[in-house]
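Comments concern the structure below.
Please read all numbers here as calculations on a predicted model, not as lab measurements.
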Amino acid sequence: MASEQGLDAVRSVLENEAPHLLEKRETKARREGLPDLNNATKGKVVLRFAPNPNGPLSFGHARGLVINSTYREMYDGEFILRFDDTDTKVKPPMLEAYKQIQDETEWLIGRQPDRVVFASDRIETYYEHAANMLEQGFGYVCRCSAEEFKEHRVSKTSCPCRTQTPQDNMVFWTRMLNGNFKPGEAVVRVKTDMTLKNPALRDWPALRLQDTKAHPHPRPEIGSTYVVWPLLDFQSAVEDHLQGVTHIIRGKDLMDSTRKQTLLYEHFGWTYPETLYWGRVKVHEWGGFSTSQMRNDIENGKYSGWDDPRLPTLAGLKKRGTQALALRNFWLELGITQKDISVPLATLYAHNTKVIDDDAPRMTFVRHPVSFDLVGDHQDSIELPHHPNHPQMGVRRWNLSNGKIWIESEDLEKMDLRLKEFADVALHDREARLESIERLDKRPIVHWLSDQNSTEGVLVGTKDDTHLHIEGRVERHKHPVGTIVQLERVGYARIMEDGNLMLCHEELQAE
RNA sequence: GCUCGUAUAGUGUAGUGGCCCAUCAUGAAGGACUCUCAUUCCUUCGACCCGGGUUCAAAUCCCGGUACGAGCACCA
């Protein structure tokens, strides 16, 4: 009917016979941004992000920062940055990382955290809760070796220490604090249930001993002060409660941690925060990087530092010109699904391009340049816009009075070229003969450089795990260090401290 | 092995029983604009892991299978 009499005819029939069918269907709106939090009241939400400062922040850390701080904005709540620096041997903190992480946090989320907490400043507080736990009988000092306890965990049997009286436990606890035990000889456990289905939850360890003489804490004010240190599950659980954290959003690798901590909260009579998890994210182009592996590779010279652009650190990404907003948009788009995913860098680059293109002045870089002499009448100078879509950004003026120009060697295959914004030329030997100022035909348009307005320069970048190093001529400019420019026909680049250019989005041209 | 979790286009993502022959982005291909292989815009391509069940109705709920991931550290 619609095809024969038109839609209007159909409509009029419906109006008469079934008007309700014409009512606008309410289409499900695609959800914008992050989903609502459970049990969240505006103004009362407290979130935290708790990295170990054993190195600067990496790409993956950005997720925790972005998601948590975005919820802070959504609910007008509080965001805590907490340094979980309670291990001095396996993953020892790095002193410089404390400040760097705070700086990077501010860079990424655009504001300072509402609170900054150092776990290593709060050891006495954790002790109080440990003592409390022992006195109340839901914790005990276990003097079994790790191997011995493992057998108990597997066989669902209690170890001999489990039935000690609170008094005995307090005696052992004091001896732990006094350094009468060596690391490995005693540990404080939370009494749960040795028959729990999940073996990970059975009487889990809460505090242990560390040889802080041999491995002092890197913060000088802490150093070797303490020998008893809380483990993550205990420290984090107690601190979350003390700080009034209402929502925890973290990796699903910590799901069992939530269960362990919930058991502890039950003992203390506390209510566990709402918890959300995200799955693992891999980037196609990056293998597995661990903080300790990166540290090794930096020390042995494989990478130039934490800001080596080949590294998935925030510092490395920043050096390549990745914008904080692009990173935020990227993580917000992924959301908080529990799926394990693998994303290509192209996705991050797409976000970055959107952020930078409007503000990126155009510049010219001629790779593998070949010089030509202009032959024919031409003006002494030309003007080029800084940005084709934004005339208000002004123009750059090139001087052509010495008649010498540079062209990319890759463009020489064609003899007839259009020098962008200038003239049609024909190449012969090292001469570029002017054929027309007006564009007359469809010959390819190439970028080029006036000799007087360019210097030798280097374009660097990365290709997989190697450096890209392209010699060429770079246009003279007055942009400050750090400016993101667009090298026409080449790509976006960041102006570096040494005056060279760093490609923002690796890929193309394996040279 | 035990425990837990997840499965929607190439890659991500929306979707919590009917508005879904499935959203949005990215990607790829084509096109418009442009004196950049940029930006912007348009078009096209492409998916509900498998098998049962519940229901008038299932991507959505249940069960089973499969796949992938994580935890079972005196690391975080």
Worksheet item: NA contact type, S236(A), heavy-atom cut-off 4.0 Å: base, sugar-phosphate, or nothing?
Response: nothing
Worksheet item: Is the backbone of N453(A) close enough, under 3.5 Å, to the side chain of W398(A) for a donor and an acceptor to pair up by distance?
Response: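 Side chain of W398(A) to backbone of N453(A): no pair is present.
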Worksheet item: Is the backbone N or O of V425(A) less than 3.5 Å from a side-chain atom of E435(A), with the two atoms forming a donor-acceptor pair by type?
Response: no
Gap between atoms [atom1] and [atom2], on [X] and [N] respectively (whole Å):
{"X": "Y349(A)", "N": "G27(B)", "atom1": "OH", "atom2": "C1'", "result": "15 Å"}
{"X": "L348(A)", "N": "G27(B)", "atom1": "CG", "atom2": "C1'", "result": "15 Å"}
{"X": "R280(A)", "N": "A7(B)", "atom1": "CZ", "atom2": "C1'", "result": "16 Å"}
{"X": "K282(A)", "N": "U11(B)", "atom1": "NZ", "atom2": "P", "result": "13 Å"}
{"X": "L34(A)", "N": "G12(B)", "atom1": "CG", "atom2": "C1'", "result": "15 Å"}
{"X": "I341(A)", "N": "U8(B)", "atom1": "CD1", "atom2": "P", "result": "11 Å"}
{"X": "K339(A)", "N": "C48(B)", "atom1": "NZ", "atom2": "P", "result": "13 Å"}

Practice prompt. Measure centre to centre between the rings of F181(A) and W173(A), then say whether the value is under 6.0 Å.
Written response: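 Between F181(A) and W173(A), the centre distance exceeds or equals 6.0 Å.
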Worksheet item: Can we call the ring centroids of W204(A) and F234(A) under 6.0 Å apart?
Response: no
Worksheet item: For the side chain of E488(A), counting heavy atoms from C-beta on, which of U36(B), A7(B), G5(B) is nearest?
Response: U36(B)
Discussion item. Please give the stem ranges for RNA chain B, sorted by first residue number, where a stem is three or more consecutive Watson-Crick or G-U pairs and both donor-acceptor distances are under 3.5 Å.
Written reply: B:1-7 with B:66-72, B:10-12 with B:24-26, B:27-32 with B:40-45, B:49-53 with B:61-65
Discussion item. With salt bridge (charged side-chain N to carboxylate O under 4.0 Å, His left out) as the rule and sequence neighbours excluded, what pairs involving residues 200-216 of chain A come up?
Written reply: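 Residue pairs passing salt bridge (charged side-chain N to carboxylate O under 4.0 Å, His left out), neighbours aside: D87(A)-R208(A), R162(A)-D203(A).
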Worksheet entry | All pairs passing salt bridge (charged side-chain N to carboxylate O under 4.0 Å, His left out) where residues 146-158 of chain A contributes a residue, at least two apart |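 Non-adjacent pairs meeting salt bridge (charged side-chain N to carboxylate O under 4.0 Å, His left out): zero.
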Worksheet item: Does any donor atom in the side chain of Q243(A) or E239(A) lie under 3.5 Å from an acceptor atom in the other side chain?
Response: yes
Worksheet item: Using a distance-only test with no angle check, is there a side-chain donor-acceptor pair under 3.5 angstrom linking H217(A) and T88(A)?
Response: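 Result is no, nothing qualifies.
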Do [X] and [Y] make a side-chain contact, defined as non-hydrogen atoms from C-beta onward lying under 4.5 Å apart?
{"X": "E488(A)", "Y": "M363(A)", "value": "no"}
{"X": "Q164(A)", "Y": "F172(A)", "value": "yes"}
{"X": "N178(A)", "Y": "R175(A)", "value": "no"}
{"X": "K339(A)", "Y": "W278(A)", "value": "no"}

Worksheet entry | D377(A) CG: over 12 foreign heavy atoms closer than 6.0 Å |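 No, because the 6.0 Å sphere around CG of D377(A) holds 12 heavy atoms or fewer from other groups.
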Practice prompt. Start with the C-alpha distance between F59(A) and F330(A), add both sets of side-chain angles, then the distance that settles ring pair (Phe, Tyr, Trp, His ring centres under 6.0 Å), and finish with yes or no.
Written response: CA-CA 11 Å; F59(A) 180 69; F330(A) 171 86; 5.5 Å; yes
Practice prompt. Determine, for Y272(A) and R259(A), whether the Lys NZ or Arg CZ falls below 6.0 Å from the six-membered ring centre while staying within 45 degrees of the axis.
Written response: no
Worksheet, complete the sentence: Comparing nearest nucleotides in RNA chain B, the 5'-proximal residue of the pair R259(A), V343(A) is R259(A)
Discussion item. Go nucleotide by nucleotide along RNA chain B from the 5' end; which of H447(A) and H351(A) gets its closest nucleotide reached first?
Written reply: H351(A)
Worksheet item: At under 4.0 Å, does any side-chain N or O of S342(A) touch on OP1 or OP2 of U11(B)?
Response: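 For S342(A), the contact criterion (side-chain N or O under 4.0 Å from OP1 or OP2 of U11(B)) is not met.
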Worksheet item: Taking only side-chain nitrogens and oxygens of K197(A), does any of them come within less than 4.0 Å of OP1 or OP2 of C4(B)?
Response: yes
Rounded to whole angstrom, note down the [atom1] distance from [N] over to [M].
{"N": "U26(B)", "M": "G64(B)", "atom1": "P", "value": "41 Å"}
{"N": "G10(B)", "M": "U6(B)", "atom1": "P", "value": "23 Å"}
{"N": "A14(B)", "M": "C61(B)", "atom1": "P", "value": "15 Å"}
{"N": "C42(B)", "M": "G5(B)", "atom1": "P", "value": "43 Å"}
{"N": "A76(B)", "M": "A70(B)", "atom1": "C1'", "value": "15 Å"}
{"N": "U34(B)", "M": "U44(B)", "atom1": "P", "value": "24 Å"}
{"N": "A22(B)", "M": "A47(B)", "atom1": "P", "value": "10 Å"}
{"N": "A67(B)", "M": "C50(B)", "atom1": "C1'", "value": "10 Å"}

Tell me, for [range] in 5' to 3' order, what letter each nucleotide earns: B for a base near a protein heavy atom under 4.0 Å, S for only sugar-phosphate near one, - for neither?
{"range": "nucleotides 28-35 of chain B", "value": "-------B"}
{"range": "nucleotides 39-47 of chain B", "value": "B--------"}
{"range": "nucleotides 71-76 of chain B", "value": "BBSBBB"}

